[in-house]
There are 2 protein chains.
Amino acid sequence: MKISIIGAGLIGGSMALKLRSKGMADFIYGIDNNQQHINEALELKIIDAGTDLEYGVKNADFIILAIPVDAARKLLPSVLDLISDHQTVMDAGSTKAGIVNAVKDHPKRSRFVAFHPMWGTENNGPASAVSDSFSGKAGVICNKEESAPDALQLVEKVAENLGMHLIYMNAEDHDIHTAYISHISHITSYALANTVLEKEREEETIFQLASSGFSSTVRLAKSHPEMWVPIFKQNKENVLDVLNEHITQLRKFKAALEKENYEYLEELITNANRIRGILR
Amino acid sequence: MKISIIGAGLIGGSMALKLRSKGMADFIYGIDNNQQHINEALELKIIDAGTDLEYGVKNADFIILAIPVDAARKLLPSVLDLISDHQTVMDAGSTKAGIVNAVKDHPKRSRFVAFHPMWGTENNGPASAVSDSFSGKAGVICNKEESAPDALQLVEKVAENLGMHLIYMNAEDHDIHTAYISHISHITSYALANTVLEKEREEETIFQLASSGFSSTVRLAKSHPEMWVPIFKQNKENVLDVLNEHITQLRKFKAALEKENYEYLEELITNANRIRGILR
């Protein structure tokens, strides 16, 4: 089939590479405001041709929307305006309630499948795309009852070819869960980077001393605002809830230290260690 | 030479493996309160024999103290009491002011070299030991002017054989820097784990959805209290300073979201992105 990737970056590019290698894509169009991304994606053979939105949408069997969540929410209705009942549109955004609500009453709603692949890195652009990125990761499909059975089946097949295991939930639940297991990690990491940058003027010392522990905690702080501001904006209420809880938890560590209550500190750490049983 | 490892765990065990493979160790004694660690270390050929503290200290040319920082500070004076001027003692603790002050006026102070290898994992015990762990990492030597030249040279040689690059600083500066680039990461990670565990009752959902971003941010939360409570205790003032700054930084994200000031949010993220230029 013919696939159009709107947003030929890290996520769209990685999907294109894998779907082509799996034989699911005969031809891949890339659509991107950033002409350099199109050029890079062509060079890397991620896409076969760059094109404009209207042509790309009209001439593909399957359309992947892999752009920041605010842009995706704005663009999706126009994409659905352009398609017929033989075409399917999937997004790849990290927030789901906003986009699902944006097309709730659209006459072509059933051609859209709301998808979130639980993978990403702190890098962006087609040069960062990796074919096997999604393998073994979770893919979430939201509000599946609002999608046509054949559209849903196609996205399930795509997810299978990407090597993902599927989880189904409604968009509101998805946004609560991701606030906990993805969005807060980014805020923590950004705040940690700012903490160190604020206090450590001798940057050379950070560079020399930084251990693998610090690097892994702060890695997400390299993630770009173009992607993350829209996510925080769309998931504001949930993210604020979790952020408040996180600050409360940090205050417990502060209180334990200030009061030199090391039994309490041990309790807090022992409780956190329970994550061992949950995350490999 | 003969080496005694006090604390045959992750750090001591990893050093033993590497120093043996580099030909620096003819015979390695292991000393550990935990008999199971001795048994495992013997089985894994990390040590050649288990022994008691007095025998191990008296019969080694080089003694590595690789136990939690509170135990190390308490034990070091007794170890120095037992040795002659031909022997050298090195520690491997994550805090340095406490241990250095504990032996400041000891008649054998010059036989001790205060060392901190900037490597660790969330695991412990000899079964987690890896020979190449320290390769490419920083090793910090503190207050080198308080060590005898030959003792210092020996530890420098050991660090070289472990594949580490050396940084010299005084113990107080070390403890400030490590509060920023290691200790705060652990508190953040523990608090993040507690945040998620507090709110997410459906633990299965965390497990299924958790992305690599979450896993890397929360990895350190698996670290054991036996090691980390003493570190936080010994470095309380510095850790509290950094923790307060970190909470302040998190509050900025909270304020930006609450006030829907997305330009400010973007500014905060862009500032955090500067870590890109500092950490690989």
Is the [atom1] atom of [X] crowded by more than 12 outside heavy atoms at less than 6.0 Å?
X         : atom1 : answer
Asn244(A) : CG    : yes
Lys252(A) : NZ    : yes
Glu145(A) : CD    : yes

Go through the atoms of [X] and report whether side chain, backbone, both or neither lie under 4.5 Å from a heavy atom of chain A.
X         : result
Leu192(B) : both
Asn123(B) : both
Glu237(B) : neither
His165(B) : side chain
Ser223(B) : backbone
Ser189(B) : neither

Q. In terms of the angle between their ring planes, are Tyr190(B) and Phe253(A) parallel, tilted or perpendicular, with boundaries placed at 30° and 60°?
A.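 The rings of Tyr190(B) and Phe253(A) lie parallel, inter-plane angle below 30°.
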
Q) Taking the six-membered ring for Trp, are His116(A) and His174(A) parallel (under 30°), tilted (30 to 60°) or perpendicular (over 60°)? A)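 Because their plane-to-plane angle is over 60°, the rings of His116(A) and His174(A) count as perpendicular.
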
Q. Given the options Ala256(A), Pro230(A), Ser185(A), which has more heavy-atom pairs under 4.5 Å with chain B than any of the others?
A.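 Maximum pair count with chain B is reached by Ser185(A).
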
Q) What option among His186(A), Gln249(A), Arg219(A), Lys254(A) has the most heavy-atom pairs under 4.5 Å with chain B? A)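 Among His186(A), Gln249(A), Arg219(A), Lys254(A), the one with the most close pairs to chain B is Gln249(A).
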
Based on non-hydrogen pairs under 4.5 Å, which of [options] is most in contact with chain A?
options                                    : value
Asp173(B), Ile187(B), Ile184(B), Leu240(B) : Leu240(B)
Ala193(B), Ala191(B), Ala179(B)            : Ala191(B)
Glu226(B), Glu245(B), His224(B), His246(B) : His246(B)

**Q.** Short N-O contact, Asp91(A) and Lys96(A), less than 4.0 angstrom
**A.**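 Lys96(A) and Asp91(A): salt-bridged.
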
Atom group of [X] that falls short of 4.5 Å from chain B, counting heavy atoms:
X         : answer
Val140(A) : side chain
Leu257(A) : both
Leu220(A) : side chain

Q.
Would the distance check show the side chain of Glu40(B) and the main-chain N or O of Gly125(B) forming a donor-acceptor pair, the cut-off being under 3.5 Å?
A.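 No, Glu40(B) side chain to Gly125(B) backbone: no donor-acceptor pair under 3.5 Å.
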
Q) Got a donor-acceptor contact below 3.5 angstrom from the Asn124(B) side chain to the Gly9(B) backbone? A)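 No.
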
Q) Side chains of Val69(A) and Ile99(A): does their closest heavy-atom pair fall under 4.5 Å? A)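 Side-chain contact under 4.5 Å: no.
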
